[in-house]
Each structure stands twice: as structure tokens, then as C-alpha cells.
Peer 1: 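Have a look at the structure that comes next, please.
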Number of protein chains: 2
Amino acid sequence: MERVEEYLEAIYDIQTKERRIVKTSDLAKKLDVKPSSVTEMLLKLSEMGYIDYQPYYGVFLSEKGEVLAKRIKRYHRIFETFFRDFLKIEENEAHRLSCELEHHVTDEVAEKVCGVIASESCKICEECDFRISRLSEAEPGKYEVIISPTAASGIGIVPGAILEVKEDGSVDIKGEAYLLSEKISSKVILEQVV
Amino acid sequence: MERVEEYLEAIYDIQTKERRIVKTSDLAKKLDVKPSSVTEMLLKLSEMGYIDYQPYYGVFLSEKGEVLAKRIKRYHRIFETFFRDFLKIEENEAHRLSCELEHHVTDEVAEKVCGVIASESCKICEECDFRISRLSEAEPGKYEVIISPTAASGIGIVPGAILEVKEDGSVDIKGEAYLLSEKISSKVILEQVV
DNA sequence: TTTAAATTTTAGATTAGACTAAAAATGTGG
DNA sequence: CCACATTTTTAGTCTAATCTAAAATTTAAA
């Protein structure tokens, strides 16, 4: 199934970027396999109803194939952003890991991760509209802690806790005012309390 | 390679928990494959120098095999903790994902993830020693301030500041020595500087 | 429009990791 | 200590995804 999804993604990419029928040779190049291997897989994908395949001519995704490809690509983007921007993992490595994970993730997990990286300007996907932000970027106001690094638990910043961000950037929690390093505050995810 | 690592982990688990030679049937049961499949893999692992295998008797990990098994298991623990405790992903799902990731992760990534979940009492592994503690409990040494109550900012205790805890419990910051009340010092979170 | 070049498909082989069935080795109860 | 049960290994198949080499088809050039 993993390889199936990789082929579908590749078809989707070419189809979307170049806006044309995808040829066997395109896929062979993109996936770094021989054309004969591609042909075989295309027969299988066609069999499964993911693509429309006409020998010697080319392929394009069916409705079903596009839905799947898009889902996988969304998972990929979410994880890549998470690794790169949130965990500060090096770009290529972030990509490599995401390529693995995208095939094993569930929607539930994707939503959680999405929540972590979400901010007012979530560029990852239109699907999720979280009113969630990082503490480091939060406007003054009252919030509930959604996710927090354990390092911050000592002062009471744990999931479920209510805190208030002040005008001066300090944070009130349990009646005490704190200043937090960027390193920590960027890892505290909040949801606004109304 | 992925399957190789899974076999090594299984051997490690049994060997460690039961403190005995691992039998073909143990692995067949644990990995849910037929004994004949196990035998085949054991020959391969032996060939690769990961195990000591004596037909009809059993196997145990070689030095090399144990090093690898331990590394993979550490990666697994780190990710499982991360998914379960930090992202609040459901237990089984966290486990399943970690089983995948453990084979694809680099040391750099593991360290980063470890940093996010680290706390005073990191139970994940002895290998990564992140030293995060409250000022009130800190051993003598140099530290960077991660979180601080605003009440302490007057003397320069703000996130990013470097301070030194002395033998007598006093705190040096910006060339001045201070004594802090428990009330304050328990709210200052530090990371040891090396 | 015919022929050469490029692309694609088919046919058959290979590899890793599993399987089944049968043979070999080990362990056990009378 | 021997016959039978259990465990393990060997031998031979199977499947998914790849490969190479050869055949078929399409494209492009003269």
C-alpha cells in the first residue's frame, strides 16, 4: 500500500504542476525506477480504480485516486512543517521522515499535530480552522493550555491550565507573573478562552 | 533492514525480560510468523554478526546486535513518549507510529524530540541528559534561565540570562551574589549550561 | 510516407520475507 | 532407554516490487 501511495503522489505532483497527461517515463524518472516497473504498477493502480490508464498514452488520477493522493500529501505537509518549523529539524531530514510517516498516520494524529503548528496564519491546510496559537505569538488575553513541554510544568503550565497573557508579554498563571524564553513559549500551544 | 531491526528488538526484549537463551519459537510467537521464517532470519542475522546462533539451541545478541537493539529501542521510547505525553495521542496509536519511526530516525532528530519532552526527571533514557531543574533544587553549577517569575527580573533573572548556583546556595548573576526565597527560586526554571 | 529513434510494454528473472510440508533433532513418560 | 510428542530446520512455493532484454508502438525526420 505504501508504494501505491507513493505512485499516486508522484502522479498527482506531475499532473498538478505540468497540467498534462502523465507519461510512464515521467514516473520512472521521478521515482527512480525503470519504465517497465512503472507499467506494471500502473496496471495495478488501474485495477484498483485509482487511475485512468491508457497504454502508450498515459495516466491521470481518478476521483478516488485524487482524494487519496491529496490526503497523503496533506499529511506530508503537516509533518514536514512540524519537523522543520516546530522541532527545528534540518530540511532534508524533515522531508525524509515525513515521506515515511505520511503513509502511517491517522486523521486523529494529523489533527493533533496540526494543532501544534497552527497559529492565526495556518498555511498548512484550509481544512483545519483552529483558533489556536503559540504562547510566543499570542495576543493579550485568556487562554487554555492545549499542549506544553514538560519543562514548563514546574510553574503550572500543563494541558488544561488557564493562563493570561498580559500587554507587556508576561504570563499570569495561578496568580503569579512569569517571563518565558522563546524556546519554551514557542512550544506552548494555547486555545483562546471565550 | 527494518525487519532485521524488529527481530533484534524482539530478541533483546525476551533476553532482557526472561534472562535466558532465546528460542526460535519465542520469536515466532512474538513476531507472529512461522518458526521456519524465524530460522531463516536468524541465519541472516548471524551472517551479519548481530547474533550468536546455535541451531536447535537458541540465540543471543552479540555486542554489535545489542548496541543496535538498544539504539532502536531508545528511539522508540522517545517517540512513544513524545506522541503519548506531549501530543496526547492515544496509547496504541502512539505505539504503532513509534514502531514505524524508530527505524527511520537519526540521532539528531532523537535529540531534538528528547529536548521537547525533557523535564527534571527524564525517565526516557539515561543517554540523553538534559538538565532542566528548578532553581530551588539546582545543584551548584552554571545555568541558563528558561522561565522566570517577573518578580525576579529586577535582579536580572530573565529568560536567556546565565547564572551560577554556588555551593552555599547563593546565586551569582551579573557579578552579584543573591539569596532567593524558596517562594521565588522554586519558580525559576533552569537548563544547565555545559 | 517511410524509416530510424525513442518510448512503452511484455516476458522472464531476481530478491526479501513470508508460507507449507516434510525431515531432522531434541525432550519426555512409561 | 525407547517410542512418541514437540521443536526446529530444510526444501520448495508464493508475492510484491523490482530488474534486464526483447518486442511492440508511437514520434519525428528525411
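The figures that follow rest on heavy atoms only: side chains count, while hydrogens, waters and symmetry mates do not. Reminder, nothing fancy here: chain letters follow the sequence lines and each chain counts from 1.
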Peer 1: List the steps and the verdict of side chain to side chain contact (heavy atoms under 4.5 Å, CB included) for B:Cys99 and B:His76.
Peer 2: CA-CA 6 Å; B:Cys99 282; B:His76 181 101; 3.5 Å; yes
Peer 1: Quick check on contacts: within residues 95-106 of chain A, what sits under 4.0 Å from DNA chain D by heavy-atom distance?
Peer 2: none
Peer 1: Identify, residue by residue, the members of residues 6-17 of chain B with a heavy atom below 4.0 Å from DNA chain D, and return them in order of residue number, or none.
Peer 2: none
Peer 1: Are A:Ile155 and A:Glu176 side-chain neighbours, meaning at least one heavy-atom pair lies under 4.5 Å?
Peer 2: no
Peer 1: Could you verify whether a donor N or O on one side chain and an acceptor N or O on the other, from A:His95 and A:Glu80, lie under 3.5 Å apart?
Peer 2: yes
Peer 1: Verify whether one side chain among A:Tyr75 and A:Asp107 offers a donor that lies under 3.5 Å from an acceptor in the other.
Peer 2: yes
Peer 1: Strictly by modelled atom types, are A:Gln15 and A:Asp13 linked by a side-chain donor-acceptor pair under 3.5 Å?
Peer 2: no
Peer 1: Please answer whether the main-chain N or O of B:Asn92 pairs with a side-chain N or O of B:Glu90 as donor and acceptor at a distance below 3.5 Å.
Peer 2: yes
Peer 1: Should B:Val109 and A:Val105 be counted in the same cluster of Ile, Leu, Val, Met, Phe, Trp and Tyr side chains packed under 4.5 Å apart?
Peer 2: yes
Peer 1: State, to 0.1 Å, how close B:Ile51 and B:Leu42 come at their nearest heavy-atom pair, and which atoms those are.
Peer 2: CD1-O, 3.4 Å
Peer 1: Separation of B:Lys29 atom NZ from D:dT7 atom C1', in whole Å?
Peer 2: 13 Å
Peer 1: Does the B:Ser62 side chain pair with the main chain of B:Asp52, one donor and one acceptor, at a distance under 3.5 Å?
Peer 2: no
Peer 1: Going 5' to 3' along nucleotides 3-16 of chain C, which nucleotides have protein heavy atoms under 4.0 Å from the base (write B), which only from the sugar-phosphate (write S), and which from neither (write -)?
Peer 2: -----BBB-----S
Peer 1: What do the steps show when you test A:His103 against A:Glu5 for side-chain hydrogen bond (donor to acceptor under 3.5 Å, both in side chains), and what is the final call?
Peer 2: CA-CA 7 Å; A:His103 307 292; A:Glu5 291 173 352; 2.6 Å; yes
